[in-house]
Each structure stands twice: as C-alpha cells, then as structure tokens.
Peer 1: 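Quick one: structure below, then a few questions.
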Amino acid sequence: MDYDSGERVEAPHANSEGAGAVEEQRQNPSIEVTAHRIWKISLAAGLVEECLREKYISLGYGDRVDFSGARNRQELIEMASLVADPVLEDADYSFDIARRFTQEMAKGDLLIISDGRDSLRAIAQVAGDYYYDETKGNYGQCRRVRWLNIFSPSRSRAKIVVKEFSQVPLYRLRPPIINLDRFQELVDESCLEGSRSLRSGDRIAGYEIMAIGDEIIEIKRGKGTVIFLMRIVIEELSQLVTSSQIMIEDIRERRVFAKVDTALEKSVLNGYANVLASLVEKNLRAGIRVDGVLI
C-alpha cells in the first residue's frame, strides 16, 4: 500500500512522553536505503518506551490471535474464526493491517516510527520474523527490530516525508512521498553518537569518506566527483560549538554567519552544511582517525 492522504482511520500512535527514560541511541550500520523497503508504523503510546528498551515493535490489529503459520489473508481470517468470540472491529481493515505486518513485512525492511502526524520518533530495521506474545494483551503481534536512530525529542518529518503521516498504522513509503536522499542522510547519522571514531570508508550525511589526511578530508557522494574539505574548517566549527557560540543545528540550517563573525568561507559552509554539521558532531563525540591515529 502506498501513502494515501485520504485515509483517516483512527489508530494509536506514538508520542514522546517519557522519552527521557531512553536516550537517543545510534549504532553503526552500513545500509543503502534504496535496497530496502520502507514502512511507516505507529506504536501504541503506552508501549513506545518499552518497545525502545526491549527492541521490538508491536501491532494492535489482530487482537489476541496468534497468526503464526498463516500464509495469506484468508488463512488469517480462518485462524481468527477459531478463537472464541474474537473482537475484530472493522474486520476487513484489521486483516489488511495484520497481513502487512505478519506476511509482507520482512527482515531487513526499514521502519519509520511516527510520533503523531508530523514527527519521527525513531528509525529501525526489522531484525526478526513475526511472533505472537500473549503477555502483550491486545498488542501481541510483534517483531524484533534493531534501532538505528531514536530521537528525543522527536524530529520533524518535513524534510524526509513530504506529506503528513496518515493515521493508518502501517503502510509502505515510496518516492516521491519519501525523499530517499534525505532519508539516507538520517540513516547515516546512526554512527554519530557511537564511541567509534570516523575513518575512511564510513558514510556520513549521504557521503562516503574516501580518505582522511592531516589537513584534508576527501568525501564523495554516489558517483559524483571527490570533494576536498579542509580539516581546519571542521576544527574551527567545533570550537564555536564547544564555546556555545553556535549549535550543530546552526551549521545544518546555515545560520552560522547570522550568529558569529568568522573568516570561514561562506560558500563552503552553506554549500556543504549537512555534511559539515555531521562531521563536526562526530569530531566532538568520538574524533576522526588520520592514518590510524585518533585526532
């Protein structure tokens, strides 16, 4: 199913309440988003923090029916009919959602966890097959996931998904509704808060790090030309952030020159704002390796 802004079926959705219990977590996957299916899913508000802690997602469609072994929609219906007094409101719709979750979704798929209709709560990759957990009550339809990015507070979806999220709890996202370049940048950010330093071969903000020298970092986007960034630019921006004169977001949103007087080249800062912001953030958190030496 593609995004359809006309669908307005009410369903539980995640919010950011209690987000302080789970800090933003990032891992270091190497993921090319164009090679994976992408889903939007909303989680029940009361289960969001548990899902983040225990690395799973759950669905409230299908009630207390174990759909393990079902191969198609008809078999989902047959399994539900065997349960005493099943409570499946809007049954046709429920079975459609349950089929997507149990049969169509697969390991390796990418997930955007929505927070309401305008925000992203997290990004994940499906890590396991469907399973039923009777201890979850009406939210027993489950899958294991690997969290790639957890946002606290939630982040605006505007630059990633061009239309507000539908209240449909689970559906596929495809271009042009999702901007794959921006989504790739968001997935690449997943290494930024890890303890591992940046090194050649890593991806950051949609670019591949080709080489890191004492004075220059070489980056390349896709099949484009190699771009040379001076390390002194990253160091000066890092100092401005450390001294609280600017924030990382000021670099990304091209607000540096509105905040401080600097001799840095405006065309460089504004032309490569996203990757420079990510490089500065990585530099401050874990450092950048030059010829095997941590700087």
Peer 1: If you define the side chain from C-beta out and look only at heavy atoms, does anything of R100 sit under 4.5 Å from R172?
Peer 2: no

Peer 1: Rounded to the nearest 0.5 Å, what separates atom CD1 in I209 from atom CZ in R199?
Peer 2: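 Result: 12.0 Å between the selected atoms.
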
Peer 1: Does the pair K136/E50 count as a salt bridge with the N-to-O cut at 4.0 Å?
Peer 2: yes

Peer 1: Is it the case that atom OH in Y131 sees more than 12 heavy atoms from other parts of the structure closer than 6.0 Å?
Peer 2: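 Atom OH in Y131 is packed in, count exceeds 12.
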
Peer 1: Short question: side chain of Q103, backbone of N72 - any donor-acceptor pair under 3.5 Å?
Peer 2: yes

Peer 1: Return the CE to CD1 distance between M210 and I227, rounded to the nearest 0.5 Å.
Peer 2: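 CD1 of I227 is found 11.5 Å from CE of M210.
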
Peer 1: So, for S114 and S42, which heavy atoms are closest and what is the spacing to 0.1 Å?
Peer 2: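 Looking at all heavy atoms of both residues, the closest pair is OG-CB, 3.5 Å.
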
Peer 1: Below 4.0 angstrom, N of the basic side chain to O of the carboxylate: do E249 and R155 qualify?
Peer 2: no

Peer 1: Can we say E49 and R121 salt-bridge, meaning some charged N sits less than 4.0 Å from an Asp/Glu carboxylate O?
Peer 2: yes

Peer 1: Please report the interatomic distance OG1(T102) to CG(D66), rounded to the nearest 0.5 Å.
Peer 2: 10.5 Å

Peer 1: Does R221 count as lying over the ring of Y207, i.e. NZ or CZ under 6.0 Å from the six-ring centre, within 45 degrees of the axis?
Peer 2: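 Cation-pi check for R221 and Y207: passes.
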
Peer 1: For residues V48 and L52, determine if any side-chain heavy atom of one lies less than 4.5 Å from a side-chain heavy atom of the other.
Peer 2: yes

Peer 1: Between atom CG of D109 and atom CZ of R37, what is the distance when rounded to the nearest 0.5 Å?
Peer 2: 4.0 Å

Peer 1: Hey, what do you get for CG (L59) to CD (Q141), rounding to the nearest 0.5 Å?
Peer 2: 6.5 Å

Peer 1: Say you draw a straight line from OH of Y56 to OH of Y139; how long is it, rounded to the nearest 0.5 Å?
Peer 2: 11.0 Å

Peer 1: Following the transitive rule for hydrophobic clusters with a side-chain heavy-atom cut-off under 4.5 Å over Ile, Leu, Val, Met, Phe, Trp and Tyr, establish whether M247 and V280 coincide in one cluster.
Peer 2: no

Peer 1: What do you reckon, is NZ of K266 surrounded by more than 12 foreign heavy atoms closer than 6.0 Å?
Peer 2: no

Peer 1: Assess whether a salt bridge exists between R73 and D96, defined as any Lys/Arg side-chain N lying under 4.0 Å from an Asp/Glu carboxylate O.
Peer 2: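 Judged by the 4.0 Å cut-off on N to carboxylate O distance, R73 and D96 do form a salt bridge.
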
Peer 1: Mind listing the closest non-hydrogen atom pair of R146 and I31 along with its distance?
Peer 2: NH2-CD1, 3.8 Å

